[in-house]
Amino acid sequence: MELWQEMLRQSVDSAKDLIERFGFDEQAAKKLNSLFHIRINPYYLSLIRQPGDPIWLQCIPDALELEKDGLPEDPLAEDTHSPVPSIVHRYPDRVLFLTTSQCSMYCRFCTRKRKVGDSRKINMKYIQDGIEYIASHSGVRDVILSGGDPLMLTDFQLERILKRLREIPHVEIIRIGTKMPCVLPQRVTPKLCRILKKYHPIYINTHFNHPWECTPEARRACDMLSDSGIPLGNQTVLMKGINDNPDVMLELMRKLLVMRVRPYYLYQADITSGTNHFRTPVSKGLEIMDKLRGYTSGLAVPYYVIDAPGGGGKIPLLPQYVLGRAGKCIILRNYKYEIFTYPDLEEEPAYHQPPMEKPYMRKDGKKVKKVVETITVDR
Ligand SMILES: *Cc1c(COP(=O)(O)O)cnc(C)c1O
Ligand code: SF4
């Protein structure tokens, strides 16, 4: 057994552990465990500095998960865009390929709680269907291995999937979405790197949420992957009490760059049942973006996105930099809130930005298609 597998076996992973090691009330511990699995491997556990800190909040269950919040289990309507159980096909040219339900640490804020940790819903049985779906859809040029965490598969299982994907001529790039460099960097072994290298172009998006996760071990794992020619990106979820602070976010983004990881997305927390206590107002995300752009390397600035409730895909949000128009000039402000005007060309613009006060009107005066989804939330 490899070291990472040995470490997984030593995880905190039961209601009994919660009661004995963290003083949970028996009933709450059992309920929490049955609602969404608990697994905290010893590496990630060792990053906790004190109860309630940003590492603790991400991995130790909280009674707030049990609140009846009325939020959906599948806020992104992934299941309605799922032609076979292992595939989510929402965009024209790329798909998510769910390859395992397992993770080395179960994030309490996971948006896919309805499936993750449940091997009846995501498993090897559906892999064949997924590969056949991709092979028979020639428009799919980008396959994103997801789950769960695809690096929970053994090297052998993973290589079998990569090999079969590479046999499909229209698959141009393969992406792997994995939290391992952050939560169990010991998973990144020389053997894994040797395998991945054979199936280039491969991209990896990882998932760091707090600067304390940028440890020497994480850096070693990221270095090994980069040295294998794999470009690394990062997806962060904005969460209350964890990283909803411009200074914390700035430090995280800078530390990621030092590990050769390029910040890619900053997600507004999804409205997933049992995760309401992690949500922040959108104004907080915009404030953070406002304090990144201009103040540090442009490379450190991710896209801030809301994954649209109801399955509309990721929608980018920017602080308001365009203040308006004066004649043919466009009025802008920079990161220091200094005002500039840019003389625009007079021709009718090919691309028309709808004015904010009439967001639902198109240039030709027609109404936009329809409001697809309206979700009301109690608090
Ligand atoms: C996020 C996501 C993708 C990938 O989106 P990019 O913007 O290309 O990174 C693809 N499919 C689904 C269903 C997604 O949620
Ligand atoms: S690693 Fe990803 S899929 Fe797994 S629990 Fe965390 S957020 Fe969910």
Side-chain angles (χ1 to χ4, degrees), residues 1-11 39-47 55 58-59 97 99-100 102-105 107 142-163 165-166 171-236 251-265 297 299-300 302:
M1 195 177 295
E2 294 185 57
L3 173 66
W4 66 275
Q5 289 166 320
E6 192 60 56
M7 291 175 78
L8 274 177
R9 282 168 53 139
Q10 294 163 12
S11 295
R39 180 180 286 151
I40 313 146
N41 70 64
Y43 167 78
Y44 200 74
L45 192 64
S46 77
L47 302 184
I55 306 293
Q58 293 186 66
C59 62
F97 188 9
T99 50
T100 171
Q102 298 295 302
C103 297
S104 67
M105 185 277 265
C107 313
D142 175 1
V143 176
I144 303 160
L145 301 188
S146 183
D149 193 322
L151 294 190
M152 285 296 279
L153 298 170
T154 63
D155 291 344
F156 179 79
Q157 290 170 320
L158 183 68
E159 177 155 27
R160 212 162 51 167
I161 294 172
L162 292 173
K163 195 158 182 242
L165 287 174
R166 273 286 163 246
V171 173
E172 294 174 0
I173 65 169
I174 298 173
R175 292 195 253 178
I176 300 176
T178 174
K179 214 175 148 90
M180 287 292 190
C182 171
V183 290
L184 187 59
Q186 293 78 4
R187 172 65 181 100
V188 180
T189 60
K191 177 158 171 262
L192 175 70
C193 291
R194 275 199 304 277
I195 292 172
L196 294 176
K197 257 169 109 161
K198 289 197 272 176
Y199 300 95
H200 271 313
I202 287 193
Y203 291 73
I204 287 185
N205 263 333
T206 181
H207 179 178
F208 286 82
N209 288 326
H210 193 276
W212 294 355
E213 295 166 341
C214 302
T215 63
E217 290 90 341
R219 178 160 183 178
R220 191 187 130 273
C222 292
D223 276 343
M224 286 171 68
L225 294 169
S226 289
D227 290 345
S228 309
I230 303 169
L232 301 178
N234 186 69
Q235 319 200 127
T236 294
E251 188 188 347
L252 172 63
M253 298 302 152
R254 285 181 179 163
K255 287 197 159 149
L256 288 170
L257 283 188
V258 172
M259 300 198 298
R260 282 187 281 170
V261 179
R262 169 79 156 94
Y264 181 49
Y265 283 138
S297 315
L299 281 175

Please give me the minimum heavy-atom distance between [X] and [Y], naming the atom from each residue.
{"X": "M259", "Y": "A218", "value": "SD-C, 4.1 Å"}
{"X": "R260", "Y": "L232", "value": "O-CB, 3.8 Å"}
{"X": "W4", "Y": "L151", "value": "CH2-O, 3.9 Å"}
{"X": "Y203", "Y": "I173", "value": "CE1-CG2, 4.1 Å"}
{"X": "P263", "Y": "A300", "value": "CG-O, 3.7 Å"}
{"X": "C103", "Y": "G148", "value": "SG-CA, 3.6 Å"}

Are [X] and [Y] packed together at the side-chain level, in the sense that at least one heavy-atom pair is separated by less than 4.5 angstrom?
{"X": "C107", "Y": "K179", "value": "yes"}
{"X": "I176", "Y": "L196", "value": "yes"}
{"X": "L257", "Y": "S297", "value": "yes"}
{"X": "P201", "Y": "I174", "value": "no"}
{"X": "L192", "Y": "L158", "value": "yes"}
{"X": "M152", "Y": "S104", "value": "yes"}
{"X": "M1", "Y": "R9", "value": "yes"}
{"X": "L8", "Y": "R39", "value": "yes"}

Between [X] and [Y], is there a donor-acceptor pair closer than 3.5 Å when you use the side chain of the first and the backbone of the second?
{"X": "R262", "Y": "N234", "answer": "no"}
{"X": "R175", "Y": "L145", "answer": "no"}
{"X": "Q58", "Y": "I55", "answer": "no"}
{"X": "T154", "Y": "Q157", "answer": "yes"}
{"X": "T100", "Y": "Q102", "answer": "yes"}
{"X": "T99", "Y": "S146", "answer": "yes"}
{"X": "R166", "Y": "Y199", "answer": "yes"}

Check side-chain contact (heavy atoms from CB on, under 4.5 Å) between K197 and all other residues, then give those that pass, not counting sequence neighbours. H200, S228
Working to the nearest 0.5 Å, report the span between [atom1] of [X] and [atom2] of [Y].
{"X": "S226", "Y": "I204", "atom1": "OG", "atom2": "CD1", "value": "9.0 Å"}
{"X": "I202", "Y": "I195", "atom1": "CD1", "atom2": "CD1", "value": "10.0 Å"}
{"X": "T236", "Y": "L256", "atom1": "OG1", "atom2": "CG", "value": "6.0 Å"}
{"X": "L47", "Y": "I40", "atom1": "CG", "atom2": "CD1", "value": "11.5 Å"}
{"X": "M7", "Y": "L184", "atom1": "CE", "atom2": "CG", "value": "5.5 Å"}

Among C214, C222, C182, P181, side chain to side chain contact (heavy atoms under 4.5 Å, CB included) partner for V261: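 Exactly one candidate clears the test, C222.
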Between H207 and N209, is the side chain to side chain donor-acceptor pair (under 3.5 Å) condition met? List the steps. CA-CA 7 Å; H207 179 178; N209 288 326; 3.1 Å; yes
Step by step, work out the side-chain contact (heavy atoms from CB on, under 4.5 Å) result for K198 and K163. CA-CA 9 Å; K198 289 197 272 176; K163 195 158 182 242; over 6 Å; no
Without hydrogens or angle criteria, can the side chains of T215 and Y43 be said to hold a donor-acceptor pair below 3.5 Å? yes
List the steps, then state whether salt bridge (Lys or Arg N to Asp or Glu O under 4.0 Å) holds for E2 with R187. CA-CA 9 Å; E2 294 185 57; R187 172 65 181 100; 5.1 Å; no
Could you tell me which residues satisfy side chain to side chain donor-acceptor pair (under 3.5 Å) with N41, sequence neighbours excluded, listed by chain and number?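 Checked N41 against side chain to side chain donor-acceptor pair (under 3.5 Å); zero matches.
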State whether D155 and R194 are salt-bridged, where the test is any N-O pair (Lys NZ or Arg NE/NH1/NH2 against Asp/Glu carboxylate O) under 4.0 Å.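 No, no charged N to carboxylate O under 4.0 Å.
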Salt bridge (charged side-chain N to carboxylate O under 4.0 Å, His left out): which pairs involve residues 202-222, sequence neighbours left out? R219-D223
